[in-house]
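Below: the structure, in structure tokens.
Indexing begins at 1, ligand by ligand and atom by atom, following the structure's order.
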Amino acid sequence: MQDAIWLNANIATMRDGSPYGAIHDGVLAVESGRISWVGPRKEWQGQVRVEHDARGAWITPGLVDCHTHLVYAGDRAEEFELRLKGATYEEIARAGGGIVATVRSTRAATEDELLATAQGRLQQWVREGVTVVEVKSGYGLTLEAELRMLRAARRLKGITVRTTFLGAHALPEEYKDRSDEYIRAVCDEMLPAAAHERLVDAVDAFCERIGFSPDQTARVFDTAKRHGLPVKLHADQLSDLGGAALASRYGALSADHLEYSSEMGIKAMAHGGTVAVLLPGAFYFLREKKLPPVDAMRRYRVPIALATDHNPGSSPLSSILLVLNMACTLFGLTPEEALAGVTRNGALALGMQDSHGMLDAGKQADFALWQVKTPAELAYAIGANPCAQVVRAGQIQPIAS
Ligand SMILES: [Zn+2]
């Protein structure tokens, strides 16, 4: 006896082989929080406790947002306004703006305050069919504040959370001109403490001229490896420092941004089994011009994932559906590639491919129902939300409107 089935549905399983792995007039069965059967209705047989009529909706895997900075305090709307009134970065920095402002307010917030604001933001993700979200630290930049961010992220409800330690996000003011010393603190104190408390699913760094050098990044990655933790990297966003290749050398789960990555870097990612995570929200908000090398990614068969990169500085974006549209309009992805980017490949970028990202028997029963005629509509529409229902681990999720 199955717990429940959804019938009268079109199902985008996202399996390889046919466009969207589509099954028309399909049935999806759930038992004990897992998918127990998925296929055409005419082949379905079995007994079931509850039948849900999907009324012709499309069912996709629960969406995965594999790169966010969702936990922080304060916002930067004032700085946005100043910038558009013509203030320079220097003037904004002098007025206390920039990442320093977010670090200051995050350090001043309690764990409960960080949790409450992040939980409020997260509603939007659930409303748009997201069932898995990755959350990074990186606005605390002290041992205590980084742990507080990670603890708050782990307490988020209504969604499956993966936490990433990003102590090497920015150089805190008190370490001005002493970045090697700060990296030592990250490697010797912060990361070991966070790992010891089991708050870390992966380790990330910001490898950039305005962030940390490839050498410093490698030191962080070596420490991650010693703790048996997988790595990810903010790579080649504003310049090519060889971040994609560096990440691949460490078998990184993903290298993210990648606008300036070279073909060699993409080739290295293919060898390293590293997913390319594209973040069109930051590209748009910073009005970048250099496009990520999508053709090279296709040529070398590097899986492409997409994410919001939600953060108060460079991507104050709370809509995964808008990410799909941006990836198509700005980066030239097809709607199917875009949907794969927030399902199958998003799960891969978090090492969750065995349980998430596709609709297959045995996987966790995470899926979303959409009132659309074709899955392409999810990427085509701007500002619409056709999500009708979200199911996580077999349970229909309450969605606040
Ligand atoms: Zn980021």
Is the number of heavy atoms from other residues, nucleotides or ligands within 6.0 Å of CZ (R55) greater than 12? no

Geometric cation-pi criterion, R83 with F80: 6.0 Å, 45°: no

Output, by chain and residue number, all protein N/O/S atoms separated from the Zn ion (ligand 1) by less than 2.8 Å. H67 NE2, H69 NE2, H234 NE2, D309 OD1

Can a salt bridge be assigned to the pair R107 and E174 using a cut-off of 4.0 Å between side-chain N and carboxylate O? yes

Any donor and acceptor pair, going by atom type alone, linking the side chain of R344 with main-chain N or O of P61 inside 3.5 Å? no

When the side chains of residues 231-257 are checked against the rest of the protein, which donor-acceptor pairs come out under 3.5 Å, sequence neighbours left out?
unit_1, atom_1, unit_2, atom_2, d
K232, NZ, S254, OG, 3.1
K232, NZ, A349, O, 2.5
H234, ND1, D204, OD1, 3.2
H234, ND1, D204, OD2, 3.2
H234, NE2, H67, NE2, 3.0
H234, NE2, H69, NE2, 3.4
D236, OD1, L241, N, 3.4
D236, OD1, G243, N, 2.9
D236, OD2, A244, N, 3.2
D236, OD2, S261, OG, 2.6
S239, OG, E208, OE2, 2.5
D240, OD1, G242, N, 2.9
S248, OG, A244, O, 2.7
S248, OG, A268, O, 3.4
S248, OG, M269, N, 3.3
Y250, OH, D222, OD1, 2.9
S254, OG, D256, OD1, 2.7
D256, OD2, H67, ND1, 2.7

Between F367 and W6 (judged by ring centroids, cut-off 6.0 Å), do the two rings come close enough to count as a pair? yes

